[in-house]
Amino acid sequence: MCGIVGYIGKPPVVQTLLDCLGRLEYRGYDSAGIAVVNGRGIQVRKRVGKIKELVASIQQHPFEGTSGIAHSRWATHGLPTEANAHPHTDCRGSLAIVHNGIIENYAALKARLQANGHRFRSKTDTEVIAHLVEDYAKRLPVAQAFRRALKELRGSYAVCLIAKQDPQRIYGARAGSPLIVGVGDGEAFLASDVPAVLAKTRRVIYLNEGEVVELSSDGARLTTLSGAVIHRKPSTVSWDIASARKEGYDHFMLKEIFEQPSAVEQTLVNRLDAARGRIAFDRRTRAFLEKLKPNEQFVLIACGTAYHAGLVGEYMLEELARVPVDVDLASEFRYRGPMLTRDTTVIAITQSGETADTLAGVRLAKEQGAKVLSICNVMGASIPRESDAVMYTHAGPEIAVASTKAYTSQLSALYLLTLYLAKARGALSAVRWRSLVRQLSHIPSLVERSLRAEPLIKEIAKSYAGARDFYYLGRRYNYPSALEGALKLKEICPSIHAEGYAAGEMKHGPISLIRRGWPVVFLATDSPVYEKVVSNIEEVRARKGDCIVIASEGDQRIRRYATHLIPVPKTEELFSPIVAAAPLQLLAYHIAKLNRCDIDQPPNLAKSVTVE
Ligand code: F6R
């Protein structure tokens, strides 16, 4: 979802802005633009389409500046046109704005500004900010005018501003949408996400809600909306630039699929001590978990892939820790009037930590007196900051729009939580608990083994690259795997329709569509419902559908039912979703590649969904 960059420091400013903006391409966008301040005032260039169109235009007609802002836009208000692309300027072109988020009261503000003589050039909500600041800047210095304007905005924003009369500064502010400050040597950055600045600096300040920042080449000055100074030192990001590069892989998605053994390891390391049979969390999380009541009710909220991790979590938490669990799509949770109490723990699962619906769910939970534990990958993001406790997954930056390593690291966090609670509640025998802890410690190497199926999956993909419909079926722990497998495929290969179902639901409708050669991906790993899944496979075969079966290594019997067989390491049922994840991801990846899809940035999708 829209990317923001701001830069002040050393020349070439335009090149630095474009480099940083390019590192936010993964967020998804449909137009891009840049504005700089120079001796001639403010210069703006915008293009519809990819950043490379903008770069080409600047190469043809170059310009430079002392500071600047840039933006990749994912259209919300108004079509993806040059007029609607950011940056937006005021009437006189004396200041420029880039913005992420949605200004909910823009229509009222626009009407008022138009009545006062302001001329609007776009259909966006963003443009009102430029005109509002212009109005206040007639009688106030830019910094104050900016803060006054921000106070009038309702909705969400991360916004950056440059002004002709203040060329040695850029301004930024956030409320509801992410914005970070990168602090370099004689230079400073603003960005919607850390990867934008990683090649330049690892020293980062995460802006909090309602904070405003004033950047000069000497550094950053933070204030509240009322102008009170805030002191905060930069923190050092542990990721390095290598983690934000493709490193020889054709796509970030493939790189991230292959990073899963180490991503999962990172989630487990320092928390799981299999030799001594211990699971430990940081002080805050431990204190949080120790205070939970015996009758604690858990509600897992998340969107998309993270929701699928939550569904697996429901099975394991109820079955092994014996705690009552509901799982909700965050977008439904916030509107269904949930009944939460002080004895409810809401677990928010999110890679980015910025998903608007999940964040709204967290706020709703807190309003109703519930506690919030988040499972998140991005340090310092909004959701972990608003939670009572956090389990960071430490999977490293996930650049591809399709979530892969974030999913398996979320599952790993849920395994840790389940086993911790199971022990705390005496829900499992000591022998069984130790055995599961030992098996969990082997998960990174089992995920590694499941990746070895790639050459086989690549071949299978060739048979189905031309298919236009797919079903994915599984039961119990692998029902969410079926949903996730289908989501991966339809996400990155938009010409394919893919649906995931609980295999038991087949007879209640979906089976009617099966015909000769219709590909059905089955999750048929070792489990108490194995026989039932085999029956479902037979039903598909009886209708001449093709069965691509993911089954446990050593399962000879399944061979005779499968059109194609993908073996994965044999595990306890609860760990089967994590070993099945990579084959599902690889199948989607190779089918999409054969269909020449834009795998890392599928059309119409954004990495971080910061609007409702
Ligand atoms: C799917 C995908 C999305 C995200 C969803 C939640 O591959 O990437 O479905 O899982 O938008 O995002 P986070 O986890 O950042 O809250």
Side-chain angles (χ1 to χ4, degrees), residues 1 26-28 74 176-178 192-195 251-254 256-257 260 263 267 300-313 327-334 346-362 372 374-387 390-393 395-411 413-414 472 480-481 483-494 498 500 581-582 584-589 592 597-612:
M1 197 130 285
Y26 69 89
R27 295 169 72 86
W74 190 81
S177 293
S192 13
D193 204 354
V194 173
H251 296 94
F252 278 112
M253 182 179 175
L254 190 62
E256 287 157 10
I257 290 173
Q260 289 180 106
T267 310
L300 275 52
I301 60 167
C303 301
T305 288
Y307 169 71
H308 299 155
L311 288 176
V312 179
V327 191
D328 261 318
L329 288 163
S331 54
E332 289 298 314
F333 171 75
R334 58 186 292 200
V346 168
I347 303 180
I349 309 171
T350 170
Q351 189 285 131
S352 63
E354 301 291 350
T355 300
D357 284 315
T358 313
L359 181 58
V362 164
V372 176
S374 56
I375 295 177
C376 182
N377 192 34
V378 177
M379 292 273 211
S382 303
I383 291 170
R385 278 189 294 164
E386 295 195 22
S387 304
V390 192
M391 283 176 74
Y392 281 112
T393 48
E398 194 179 63
I399 307 288
V401 162
S403 198
T404 53
K405 63 176 179 173
Y407 173 65
T408 42
S409 61
Q410 285 158 356
L411 290 180
L414 287 163
Y472 285 71
S481 301
L483 299 179
E484 176 58 9
L487 176 64
K488 282 293 87 84
L489 181 58
K490 64 186 149 195
E491 214 180 347
I492 62 168
C493 198
L584 292 168
Q585 297 158 355
L586 286 167
L587 185 64
Y589 174 83
C597 298
D598 191 352
I599 291 179
D600 282 340
Q601 293 157 38
N604 296 321
L605 292 181
K607 180 66 186 162
S608 168
V609 184
T610 51
V611 293
E612 200 183 324

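This is a predicted model, so every value here is computed, not measured. Indexing begins at 1, ligand by ligand and atom by atom, following the structure's order. Numbers for residues simply follow the sequence, beginning at 1.
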Legend entry - Derivation of the side chain to side chain contact (heavy atoms under 4.5 Å, CB included) call for Ser403 and Lys488: CA-CA 8 Å; Ser403 198; Lys488 282 293 87 84; 4.3 Å; yes

Legend entry - Contact summary for Leu487 and Gly304, nearest pair of heavy atoms: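 For Leu487 versus Gly304, the nearest heavy atoms are CD2-C, 4.1 Å.
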
Legend entry - Closest approach of Ser374 to Ile383 (non-hydrogen atoms, all atoms of both residues): CB-CG2, 3.8 Å

Inset, instruction - Any chance you could lay out the side chain to side chain contact (heavy atoms under 4.5 Å, CB included) test for Glu491 and Val401, step after step, and finish with the verdict? - result: CA-CA 9 Å; Glu491 214 180 347; Val401 162; 4.3 Å; yes

Inset, instruction - Could you tell me whether a side-chain N or O of Glu398 sits under 3.5 Å from a main-chain N or O of Lys405, the two making a donor and an acceptor? - result: yes

Inset, instruction - Give a yes or no answer on whether the side chain of Asp600 reaches the backbone of Phe252 with a donor-acceptor pair at less than 3.5 Å. - result: yes

Legend entry - Within the 4.0 Å heavy-atom sphere of ligand 1, strictly under, residues: Cys303, Gly304, Thr305, Ala306, Thr350, Gln351, Ser352, Thr355, Val401, Ala402, Ser403, Leu487, Lys488, Glu491

